[in-house]
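The block underneath contains the structure these notes are about, expressed in structure tokens.
Chain letters run A, B, ... following the sequence lines, proteins first, then strands; residues in each count from 1.
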Number of protein chains: 2
Amino acid sequence: MVAIDWETVDPEVKKVFDTYTKEKTFPKDALILDAGSICNHLLIIKSGLVRNFYFDPKGNDITHWFSGPNSVVTSPPSFFKQEPSFFRIETLQPTVANVITHSQLEEAFKKSIELERFGRQLAINIMMALGQKVIDLQTKTAEERYHELLFQYPDILQQAKLGHIAGYLGITQQSLSRIRGNKKV
Amino acid sequence: MVAIDWETVDPEVKKVFDTYTKEKTFPKDALILDAGSICNHLLIIKSGLVRNFYFDPKGNDITHWFSGPNSVVTSPPSFFKQEPSFFRIETLQPTVANVITHSQLEEAFKKSIELERFGRQLAINIMMALGQKVIDLQTKTAEERYHELLFQYPDILQQAKLGHIAGYLGITQQSLSRIRGNKKV
DNA sequence: TTCGTTTTTTAACATAGGTGAAATTTTGTA
DNA sequence: TACAAAATTTCACCTATGTTAAAAAACGAA
């Protein structure tokens with residue numbers, strides 16, 4: 001959940017986005033990207049909620065990332081290396097997004113140093129958010145991670161299923177249910 | 001450990017680096033960045049080994065990242081936002097690195113679209129490596145993570161202390177020692 | 001060499017979270 | 001409104017890793 005703050009974005013970048021992206025609408029529970037296919041699109045969510053997920057070797061459904069309004073979704077390894085995707089992407093709510101293809105984005109980068117800079121800054125922000133997630137997984141209990149998610153993104157809790165959230169937190173659905181029941185006192 | 005492959009780097013970028021960076025040598029066990037100070041430098045390691053670490057609320061020493069030859073070290077949140085650092089950085093071996101300050105880097109970015117692009121691609125690569133670490137923490141046992149590190153970066157094992165490696169893997173030193181002792185059969 | 005320090009290992013016990021299965025609640029729809 | 005399907009909760013038991021403390025091994029300076 002790394003939201004873009006459009007207020008602070010260079011007008012030039014907005015213009016490029018308007019030129020190159022195309023608005024698209026997805027129903028709820030739509031599989032936008034399947035595992036094994038090459039991810040050719042990057043989406044900037046206007047409204048709705050999407051998750052990036054995968055099945056681990058034991059078959060557990062793990063949510064890697066949630067993306068809500070003003071955040072970006074793609075399968076980074078597949079999109080940037082143009083290789084078959086490990087991640088799947090699906091909508092959790094009806095979603096409207098601006099879509100750009102890999103080749104369009106590359107073309108846009110060539111034409112605009114402002115976009116190149118924006119892309120770098122966005123990548124750095126996502127990198128820092130992932131770094132924070134690594135820290136959280138290593139130093140916080142599942143319960144602490146749950147309460148923080150609840151505090152930071154209460155919307156997700158209302159729009160996603162428990163299993164999706166549990167996978168995101170790195171625990172099973174049963175454990176999350178147990179944590180929720182732990183109304184201390 | 002995201003090493004830069006200099007073979008594939010634009011000559012223009014190399015030139016900019018040569019112009020702006022300054023080579024610096026650090027002895028073993030040197031604290032390059034302390035917590036609380038603003039990280040004003042980014043290092044590109046030429047030789048040696050460095051780690052990025054922090055103390056969690058319980059006082060455990062957690063290694064966030066190792067950086068060996070051709071990889072980049074900084075405290076990203078502190079360097080990019082110019083705020084007090086949460087991470088500390090120290091050498092684990094005598095180290096030689098090319099150093100660039102935050103303002104020099106910003107200046108260089110302004111002058112070279114090639115550098116801007118290189119920076120974006122590097123950020124994307126680090127982002128993907130962190131994404132993989134999140135996946136590993138969520139889907140692999142400590143033992144699997146240890147064997148993979150051993151396989152991918154055998155050098156680290158010989159140059160870092162057990163406690164540093166355990167923290168990186170997300171477990172205690174005692175657990176890592178136990179795992180090592182598990183010569184099955 | 002030898003002694004003191006640092007690092008690593010070992011061991012007994014504690015606990016967070018996993019597993020599998022069943023019970024319950026919620027939801028959508030006929 | 002009632003029922004079937006889906007989602008969530010509960011429960012009993014299990015396991016990986018944490019905790020604390022002590023022993024052993026490795027290292028480094030005199």
Side-chain angles (χ1 to χ4, degrees), chain A residues 27-31 49 51 53 55-63 66 90-94 133-150 156-184, chain B residues 27-31 49 51 53 55-63 66 90-94 133-150 156-184:
Chain A
K28 189 176 181 226
D29 296 322
L31 187 68
L49 184 65
R51 74 178 183 124
F53 69 107
F55 293 98
D56 78 7
K58 286 180 207 138
N60 303 309
D61 173 327
I62 314 277
T63 296
F66 289 108
E90 72 177 9
T91 55
L92 300 180
Q93 295 294 328
K133 184 164 178 183
V134 168
I135 293 171
D136 290 348
L137 284 170
Q138 289 189 194
T139 66
K140 290 173 183 159
T141 63
E143 186 158 2
E144 287 168 328
R145 296 199 297 275
Y146 171 68
H147 287 301
E148 271 173 36
L149 183 67
L150 191 60
I156 290 178
L157 276 283
Q158 275 143 7
Q159 296 180 24
K161 285 175 199 159
L162 257 207
H164 298 155
I165 296 164
Y168 179 80
L169 295 172
I171 56 177
T172 60
Q173 179 167 326
Q174 290 92 317
S175 293
L176 179 52
S177 185
R178 172 160 47 193
I179 285 168
R180 278 179 138 187
N182 278 348
K183 305 271 166 8
K184 291 169 190 169
Chain B
K28 190 177 181 227
D29 295 322
L31 188 68
L49 184 65
R51 75 178 181 123
F53 68 108
F55 293 98
D56 78 8
K58 287 180 206 138
N60 303 310
D61 173 328
I62 314 277
T63 296
F66 289 108
E90 73 178 9
T91 55
L92 301 180
Q93 294 295 327
K133 185 166 178 182
V134 168
I135 293 172
D136 291 347
L137 285 169
Q138 287 188 299
T139 67
K140 291 174 183 160
T141 63
E143 186 158 0
E144 288 169 328
R145 297 199 297 277
Y146 171 68
H147 287 301
E148 270 173 37
L149 182 67
L150 192 60
I156 292 178
L157 276 283
Q158 275 143 5
Q159 296 180 25
K161 285 174 199 158
L162 216 50
H164 299 155
I165 295 164
Y168 178 79
L169 295 172
I171 56 177
T172 60
Q173 179 167 325
Q174 290 91 319
S175 293
L176 179 51
S177 186
R178 173 163 43 197
I179 285 168
R180 278 180 137 186
N182 277 349
K183 304 270 171 0
K184 292 171 190 168

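Here the CG atom belonging to B:Leu149 is positioned 13.5 Å from the CD atom belonging to B:Glu144, to the nearest 0.5 angstrom. Distance check, rounded to the nearest 0.5 Å: CG of A:Leu137 to CD1 of B:Ile135 gives 11.5 Å. To the nearest 0.5 Å, the span separating CG on B:Asp56 from CD on A:Gln138 amounts to 9.5 Å.
The interatomic distance linking A:Glu144 (CD) with C:dG17 (C1') rounds to 14 Å, in whole Å. In this structure, CG of B:Leu176 is placed 17 Å from C1' of C:dA11, rounded to the nearest angstrom. If you measure from atom CG of A:Asp56 to atom C1' of C:dT19, you get 14 Å, rounded to the nearest angstrom. The CD1-P distance, from A:Ile179 to C:dT15, rounds to 17 Å in whole Å. Distance NE2 (B:His164) to P (C:dT6): 13 Å, rounded to an integer number of Å. Atom CZ of A:Arg180 and atom P of C:dT24 are 19 Å apart (whole Å). The CD atom of B:Gln138 sits 14 Å away from the C1' atom of C:dG17 (whole-angstrom rounding). Atom CG in B:Leu162 sits roughly 9 Å away from atom C1' in C:dT9 (whole-Å rounding).
The side-chain heavy atoms of B:Ile156 and B:His164, taken from C-beta on, include no pair separated by under 4.5 Å. A heavy-atom distance below 4.5 Å is found between the side chains of A:Lys140 and A:Glu148. By the 4.5 Å heavy-atom criterion applied to side chains, B:Tyr146 and B:Arg180 are counted as neighbours. Side-chain contact between B:Leu169 and B:Ile179 is absent, with no heavy-atom pair separated by less than 4.5 Å.
Phosphate contact (OP1/OP2 of C:dG17, side-chain N/O of A:Thr172, threshold under 4.0 Å): absent. In terms of phosphate contacts, B:Arg178 brings no side-chain nitrogen or oxygen within less than 4.0 Å of OP1 or OP2 of C:dT10.
In terms of modelled atom types and a separation under 3.5 Å, the side chain of A:Thr91 and the main chain of A:Pro27 share a donor-acceptor contact.
Between B:Arg51 and B:Asp61 there is a salt bridge, with a side-chain nitrogen of the basic residue lying less than 4.0 Å from a carboxylate oxygen of the acidic one.
Nucleotides of DNA chain D with any atom under 4.0 Å from a heavy atom of chain A span, from 5' to 3', D:dA7 to D:dT10.
Where the helix from C:dT1-D:dA30 to C:dA30-D:dT1 starts and where it ends, the local axes point in directions that differ by 40°; five pairs per end, rounded to 10°.
In this structure, the nucleotide among C:dT10, C:dG17, C:dT19 sitting nearest to the side chain of A:Gln174 is C:dT19.
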